[in-house]
Amino acid sequence: MAFEGLSERLQGAMTKIGRKGKITEADLKEMMREVRLALLEADVNFKVVKEFVKKVNERALGSDVLESLSPTQQVVKIVNEELTELMGGQQEPFQFSPKPPTVVMMVGLQGAGKTTTAGKLASFMKKKENKRPLLVAADVYRPAAINQLQTIGKQLDFPVYSLGTEANPVDIAKQAVEQAILDGRDLVIIDTAGRLHVDEVLMTELKNIKAAVNPTEILFTVDAMTGQDAVNVAQSFNEQLGITGVILTKLDGDTRGGAALSIRSVIGKPIKFTGQGEKLEDFEPFYPDRMASRILGM
Amino acid sequence: AGFREVDEDFFDDLEETLISADVGFDMTLALSDVLRDEVKMKNVRTGEQVKNVIIEKMVEIYEKGESGLSTAIKENPDGPTVILFVGVNGVGKTTTIGKYAHKLKNEGKKVLLAAGDTFRAGAIEQLEVWAERVGVDVVTSNSGDPAAVVFDALKKSKEENYDYLLVDTAGRLQNKVNLMKELEKVNRIIAREIPGGATETLLVLDATTGQNALIQAKQFKETTNVTGLILTKLDGTAKGGVILAIRQEMDIPVKFVGLGEGMDDLQVFDPEQYIYGLVRDLIEKK
Ligand SMILES: Nc1nc2c(ncn2[C@@H]2O[C@H](COP(=O)(O)OP(=O)(O)OP(=O)(O)O)[C@@H](O)[C@H]2O)c(=O)[nH]1
Ligand SMILES: Nc1nc2c(ncn2[C@@H]2O[C@H](COP(=O)(O)OP(=O)(O)OP(=O)(O)O)[C@@H](O)[C@H]2O)c(=O)[nH]1
Ligand SMILES: [K+]
Ligand SMILES: [Mg+2]
Ligand SMILES: [Mg+2]
């Protein structure tokens with residue numbers, strides 16, 4: 001049902017031009033066209049695709065692809081390696097504050113998965129790092145957002161700090177951190193309302209929260225199904241807020257997830273975790289090599 | 001605003017504009033070929049003409065010859081009109097129901113909501129807040145069974161003569177077989193109570209979604225009889241261009257667009273306005 005993978009694409013293209021074994025420079029060009037198509041179908045940003053294909057082409061020319069008896073496999077290998085490299089090569093760890101509590105802000109567009117992921121992150125940090133999280137309900141806008149976080153808190157048995165919907169999110173965040181210190185909670189995860197990067201009022205609110213609580217991590221949460229606009233949004237959040245990392249959600253779908261590559265290569269901030277389902281344990285660190293294979297449909 | 005010349009670079013830029021609007025590669029090439037021919041044929045050189053030709057032609061392609069494609073929502077003459085809202089997680093189903101209920105209420109209709117998302121944390125409460133905000137009734141249940149809630153709501157809507165029943169469902173990714181089956185079950189319940197089944201099944205798509213939206217449309221169409229699309233979050237910078245490919249492949253029209261989080265932020269889809277939005281940056285001189 002999903003789109004065709006790169007290997008099949010390249011194989012198909014070579015069969016079409018009747019090539020077996022060694023290829024010419026013109027064939028390589030045809031291959032690069034397929035690489036470009038595969039990446040665009042995976043929603044990799046078209047500017048990123050352009051740069052990337054240029055690089056892959058140069059590397060292919062400089063290596064022995066033209067002499068190789070399995071040129072398509074060679075190209076796939078190069079593409080795969082370059083993608084992995086572009087996505088950071090290895091896993092980037094979550095940062096803790098040397099002076100607890102470590103404060104985390106969850107930010108992103110509407111419906112990206114921030115609230116769910118706040119719960120997942122808390123649960124992960126308790127299990128792996130033995131942390132004592134406090135969840136903070138700083139979304140006072142979305143109907144029943146507080147209730148949603150409280151339900152998640154109850155499921156996981158973590159406290160949720162809330163001042164209702166009348167309070168100011170900046171005050172909520174500030175007071176939550178004070179409360180965490182009193183209660184000996186060493187990880188404070190602030191759930192903020194979804195917002196558009198072009199919404200000046202709400203982006204200013206985030207800046208004010210940041211100034212008030214000095215977070216160690218500002219995690220931009222993004223839906224893996226996002227298309228070409230992912231880069232603009234991520235860039236804008238980063239410019240206005242200085243994000244420290246990215247969380248890619250909804251990877252349990254059949255999307256190729258090219259947004260990941262685009263964001264990583266354009267804003268240079270690491271993808272730290274991925275969401276793999278609706279359940280609170282469906283969460284894991286991000287692995288660039290797996291993501292590369294996924295984008296290529298392998 | 002001034003308009004740019006149609007020169008060599010123009011069509012390259014057009015292709016880039018369409019691709020960055022998530023129109024998709026194949027569809028972009030197809031459109032650009034057609035537009036090239038059209039511009040040549042009509043001997044368009046400059047200015048306002050280009051804008052008109054491009055928009056006209058793209059609207060024509062979108063409408064596939066059925067000019068003035070209907071965005072109207074069907075009504076069930078024997079009442080109630082049952083509308084099922086489906087889609088993947090977080091696209092805006094529940095919010096759209098709130099907005100649409102508000103619109104119907106303003107038209108003097110008696111509206112009932114069914115809280116068919118019994119899964120996601122806070123989903124029922126979210127719909128309850130919307131019901132209260134717009135002043136309509138809502139059927140909920142803590143049973144955890146969407147089919148049961150829908151059954152209760154159908155019964156109530158018939159007994160108490162509601163004009164509309166809007167059914168919220170949990171977000172589900174199209175590749176989750178069990179969750180898609182659950183949707184089939186909800187459909188069966190509706191078909192048992194309402195001859196012909198749901199009057200409309202609206203698939204909600206998020207404009208920020210890329211090419212996966214095409215797979216969403218195909219898979220949901222396979223499970224439920226999707227009769228229309230709603231494109232949400234068009235108030236951002238994403239354009240949702242993938243709907244052009246969906247429309248090409250499967251004949252499902254867009255009925256509404258979502259333009260914000262407030263109750264008035266739902267508009268009837270206007271192809272001309274939408275397509276102008278897709279290519280605005282290209283044809284208005286910056
Ligand atoms: N399948 C799947 N669904 C997810 C994942 N993460 C979140 N969701 C779902 O996506 C939807 C939106 O998640 P939320 O956590 O409410 O998103 P949000 O960013 O807090 O939304 P707003 O507060 O409205 O901006 C819900 O239905 C979640 O269950 C994931 O990794 N996989
Ligand atoms: N900017 C903008 N935000 C929207 C629009 N429609 C919905 N939203 C927001 O998107 C987020 C998700 O909306 P929901 O209505 O909860 O989406 P859903 O499809 O019901 O989500 P699940 O039930 O979790 O699958 C909320 O924060 C909404 O306020 C829109 O047209 N524009
Ligand atoms: K989304
Ligand atoms: Mg939230
Ligand atoms: Mg919902």
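Values in this document were obtained by computation on a predicted structure and should not be read as measured data. Chain letters run A, B, ... following the sequence lines, proteins first, then strands; residues in each count from 1.
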In Å and rounded to the nearest 0.5 Å, what is the CG to CG distance from A:Asp223 to B:Asp206? 7.0 Å

Report which part of B:Glu128 has an atom under 4.5 Å of a heavy atom belonging to chain A: side chain, backbone, both, or neither. neither

Could you tell me the separation between the CG atom of B:Asn175 and the CG atom of A:Asp254, rounded to the nearest 0.5 Å? 4.5 Å

Relative to chain A, which of B:Asp26, B:Thr95, B:Asn212 shows the most heavy atom pairs under 4.5 Å? B:Asn212

Looking just at side-chain N and O atoms, do A:Asp229 and B:Thr208 make a donor-acceptor pair shorter than 3.5 Å? no

So which of B:Gly241, B:Gly210, B:Ala213 has the biggest tally of heavy-atom pairs under 4.5 Å with chain A? B:Gly210

Contact origin within A:Asp252 toward chain B - heavy atom pairs under 4.5 Å: both

Which portion of B:Gln126 sits near chain A, non-hydrogen atoms under 4.5 angstrom: both

If I take atom CG from residue A:Leu37 and atom CG from residue B:Leu29, how far apart are they, to the nearest 0.5 angstrom? 8.0 Å

Between A:Glu278 and B:Leu173, is a side chain to side chain contact (heavy atoms under 4.5 Å, CB included) present by the stated rule, with each step listed? CA-CA 10 Å; A:Glu278 293 188 74; B:Leu173 298 178; over 6 Å; no

Check whether B:Lys239 gets within reach of chain A through its side chain, its backbone, both or neither, counting any heavy atom under 4.5 Å. neither

With a sphere of 6.0 Å drawn around CD of B:Glu184, does it hold more than 12 non-hydrogen atoms of other residues, nucleotides or ligands? yes

Could you pull out the closest heavy-atom pair between B:Ala121 and A:Ile152, with the gap in Å? CB-CG1, 4.0 Å

In Å and rounded to the nearest 0.5 Å, what is the CZ to OG1 distance from A:Phe46 to B:Thr17? 7.5 Å

Max heavy-atom pair count under 4.5 Å with chain B, selected residue of A:Thr116, A:Val198, A:Thr151, A:Asn147: A:Asn147

Does B:Glu132 have more than 12 heavy atoms from other residues, nucleotides or ligands lying within 6.0 Å of its CD? no

Which heavy atom of B:Gln211 sits nearest a heavy atom of A:Leu40, and at what distance? CG-O, 4.2 Å

If you count the non-hydrogen atoms of other residues, nucleotides and ligands that lie under 6.0 Å from CZ in B:Arg133, is the total more than 12? yes

Heavy-atom pair with the smallest gap, counting every atom of B:Val129 and A:Ala144: CG2-N, 4.3 Å

Part of A:Leu149 lying under 4.5 Å from any heavy atom of chain B: neither

Checking the side chain of B:Lys233 only, and the main-chain atoms of A:Gln110 only, is there a donor and an acceptor separated by less than 3.5 Å? yes

Working to the nearest 0.5 angstrom, can you tell me the gap between A:Arg142 CZ and B:Glu261 CD? 9.0 Å

Report which part of A:Leu196 has an atom under 4.5 Å of a heavy atom belonging to chain B: side chain, backbone, both, or neither. side chain

Between A:Lys114 and chain B, which part of the residue has a heavy atom less than 4.5 Å away: side chain, backbone, both or neither? neither

Picking from B:Gln174, B:Lys176, B:Arg120, which has the most non-hydrogen pairs under 4.5 angstrom with chain A? B:Arg120

Among A:His197, A:Gln155, A:Gln148, the residue with the most heavy-atom pairs under 4.5 Å to chain B is A:Gln148

Do A:Lys50 and B:Glu16 come within less than 4.5 Å of each other through their side chains, counting heavy atoms only? yes

Which answer fits B:Val88, side chain, backbone, both or neither, if we ask what part of it has an atom under 4.5 Å from a heavy atom of chain A? side chain

Starting at CE of A:Met225, measure out to CG of B:Asn89 and round the result to the nearest 0.5 Å. 6.5 Å

